[in-house]
Colleague: 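Pasting a structure here, questions to come.
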Amino acid sequence: MHIPFDNSYAALPDAFYTRVSPTPVKAPKLLAFNGDLAKILGLSAPEMAEVAETFAGNKIPQGADPLAQLYAGHQFGNYNPQLGDGRAILLGEVIDTNGLRRDIQLKGSGRTPYSRGGDGRAWLGPVLREYVVSEAMHALGIPTTRALAAVATGEDILREQGLLPGAVLTRVAASHLRVGTFQVFAHRGQTDDLQTLTDFAISRHYPDASGPMDLLRAVCARQADLVAAWMSVGFIHGVMNTDNCSISGETIDYGPCAFMDDFRMGRVFSSIDQQGRYAFGNQPNMAIWNMAQFATALMTLRDDKEAALEEATAIIHAMPDQIEAAWLKRFAAKIGISNPDSADTDLIQSLLDLMQKDGADFTNTFRALPTAAARDQFSDRAAFDAWTQEHSARTAAEPDAVATMNAANPAVIPRNHRIEQMIVAATAGDMAPFQRLMSAFATPFSLSDADLARPPSQSEIVPATFCGT
Ligand code: AMP
Ligand code: MG
């Protein structure tokens with residue numbers, strides 16, 4: 001197999017990373033390979049045995065320059081001065097067939113100098129969860145890292161639940177630059193390195209940006225869109241720490257994430273999020289909070305501190321309106337309105353209020369809106385009927401309302417109970433449920449497998465997702 005590497009991160013100063021090779025594993029076995037993505041990346045004629053060896057980390061492909069990246073970050077609001085790739089290794093970058101530079105990274109590939117107490121490994125469950133959910137996110141049209149391969153290692157690893165089968169995920173990203181990558185240099189006062197990083201990020205992601213404040217503005221715009229996009233499909237990221245906040249604006253780090261079944265604004269899935277910091281409805285605030293940390297780091301590059309503070313403050317203060325506008329555009333489309341005005345916010349909000357009161361299923365309610373079946377989601381039918389009247393009056397002026405709704409409302413999303421069932425089966429060696437999910441989520445706006453649209457029964461409900469990755 002040939003991977004056309006073209007590495008740029010490895011040419012940055014030594015302070016940015018540590019060169020380290022993946023630790024070989026006992027018995028690599030290919031679980032999943034994304035042939036479509038491989039083609040886009042320009043991988044030539046991959047032969048499957050070699051794919052397993054390569055993406056397990058046992059065979060370093062020619063042209064790779066394996067390294068672990070340094071970063072820091074705020075975790076649940078507390079600054080951790082050094083994180084870094086504790087179990088991930090960047091093999092290198094390729095320029096894909098669309099001309100975009102992409103990172104190819106192994107996750108779960110062994111210890112690095114940034115592993116702290118960890119074993120550098122990942123178990124099969126979270127690897128397949130990230131594989132399925134990130135690919136579903138891509139199919140939903142939302143910016144995200146992608147999954148190229150999943151390989152079982154043939155080694156057991158120890159987690160709270162006991163011994164579990166190990167696996168390695170190959171992740172593809174526009175880059176792995178995070179807010180935390182900037183924070184580490186800002187906090188250490190390494191201004192030259194911060195300047196180098198800023199120049200690198202601008203040339204890689206925002207070539208039109210003219211300096212740090214322009215970069216900040218561009219990243220804020222992407223994060224505003226991203227958080228609105230997540231909310232429009234009922235997605236809860238679960239761990240929006242600054243080290244999991246990508247400069248490229250892609251969704252990154254599918255740890256304790258989940259898609260909602262019944263709608264609740266304050267919904268939290270992650271078992272480690274005791275305070276609800278990353279609850280569904282708090283995600284806009286957290287995106288803004290993360291961008292404020294980014295601003296704080298970037299400001300250290302400027303000598304004119306007061307002017308910089310004023311500029312950064314204005315950029316951050318613009319974010320609530322940006323998110324509101326992106327949210328309105330997305331949610332208006334979900335109810336069939338293609339050119340919303342601010343009055344539509346009330347119409348959307350009153351539907352969401354009814355949904356929350358009646359525990360309506362987020363995905364299925366929106367998907368059913370063009371039909372009579374939407375009514376079944378509500379126990380207060382009179383209230384829903386009253387809403388429908390208002391809605392019909394408003395959408396009378398929208399000739400393509402139904403098409404707008406169907407294009408904005410997925411028929412299937414990766415429901416948590418399906419992910420958990422898939423993981424249980426895969427752990428026992430049965431990859432059929434994984435294949436089934438991958439096939440249905442490849443076209444989430446058409447219903448190919450009605451049973452996957454069904455919310456969990458009482459016994460299927462998974463109340464929390466765990467970070468124990
Ligand atoms: P995450 O919660 O996945 O965003 O990871 C936070 C930090 O912990 C990152 O620096 C990871 O590299 C590190 N980390 C997570 N799991 C492990 C592990 N099993 N071994 C070593 N480091 C890890
Ligand atoms: Mg992370």
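Both counts, for ligands and for their atoms, begin at 1 and track the order of listing. The analysis underlying the following values was restricted to heavy atoms, covering all of them including side chains, and did not include hydrogens, waters or symmetry mates.
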Colleague: Quick check on contacts: which atoms of ligand 1 are under 4.0 angstrom from a heavy atom of Arg121?
Modeller: 19 (N)
Colleague: Is Asn244 close enough to the Mg ion (ligand 2) that one of its N, O or S atoms comes in under 2.8 Å?
Modeller: yes
Colleague: Of all the atoms in ligand 1, which lie at a distance below 4.0 Å from a heavy atom belonging to Gly84?
Modeller: 9 (C), 10 (O), 11 (C), 12 (O)
Colleague: Is Asp119 salt-bridged to Arg111, cutoff N-O under 4.0 Å?
Modeller: no
Colleague: At a 4.0 Å cut-off, with the gap strictly under it, does some heavy atom of Arg159 reach an atom of ligand 1?
Modeller: yes
Colleague: Relative to the heavy atoms of Asn244, which atoms of ligand 1 are at a distance of less than 4.0 Å?
Modeller: 4 (O)
Colleague: What part of Tyr114, side chain, backbone, both or neither, has a heavy atom within less than 4.0 angstrom of ligand 1?
Modeller: neither
Colleague: Report the member of Gly120, Ala68, Gly255 with the shortest heavy-atom distance to atom 18 (C) of ligand 1.
Modeller: Gly120
Colleague: Do Asp103 and Arg204 sit within salt-bridge range, that is, some charged N less than 4.0 Å from a carboxylate O?
Modeller: yes
Colleague: Who gets closest to atom 4 (O) of ligand 1 by heavy atom: Asp253, Thr112, Asp119, Ile272?
Modeller: Asp253
Colleague: May I ask you to decide whether Lys26 forms a salt bridge with Glu155, counting only side-chain N to carboxylate O separations under 4.0 Å?
Modeller: no
Colleague: Atoms of ligand 1 less than 4.0 Å from Gly118 heavy atoms?
Modeller: 20 (N), 21 (C)
Colleague: Could you walk me through whether Thr18 and Tyr114 pass the side-chain hydrogen bond (donor to acceptor under 3.5 Å, both in side chains) check?
Modeller: CA-CA 9 Å; Thr18 305; Tyr114 311 113; 2.8 Å; yes
Colleague: Between Asp243 and Arg178, is there a salt bridge with N-O shorter than 4.0 Å?
Modeller: no
Colleague: Taking 4.0 angstrom as the limit, do Glu460 and Arg415 come out as a salt bridge?
Modeller: no
Colleague: For Gly86 and ligand 1, does the shortest N/O to N/O distance drop below 3.5 Å?
Modeller: yes
Colleague: Should the pair Lys39-Asp96 be classified as a salt bridge under the 4.0 Å nitrogen-to-oxygen rule?
Modeller: no
Colleague: Which one of Phe235, Tyr254, Phe441, Phe280 satisfies the ring-ring contact (aromatic ring centres under 6.0 Å, His included) criterion with Phe259?
Modeller: Phe235
Colleague: With the Mg ion (ligand 2) as the reference point, give the N/O/S atom of Asp253 that is nearest.
Modeller: OD2
Colleague: Is it the case that atom CG in Asp192 sees more than 12 heavy atoms from other parts of the structure closer than 6.0 Å?
Modeller: no
Colleague: Looking at ligand 1, does any of its N/O atoms fall within less than 3.5 Å of an N/O of Asp85?
Modeller: no
Colleague: For ligand 1, is there an atom lying under 4.0 Å from some heavy atom of Arg116?
Modeller: yes
Colleague: Find all atoms of ligand 1 within a distance of less than 4.0 Å from any non-hydrogen atom belonging to Asp243, and give their numbers and elements.
Modeller: 4 (O)
Colleague: Can you tell me if Asp243 has an N, O or S atom under 2.8 Å away from the Mg ion (ligand 2)?
Modeller: no
Colleague: Considering only NZ, NE, NH1 and NH2 on the basic side and carboxylate oxygens on the acidic side, decide whether Arg129 and Glu420 come within less than 4.0 Å.
Modeller: yes
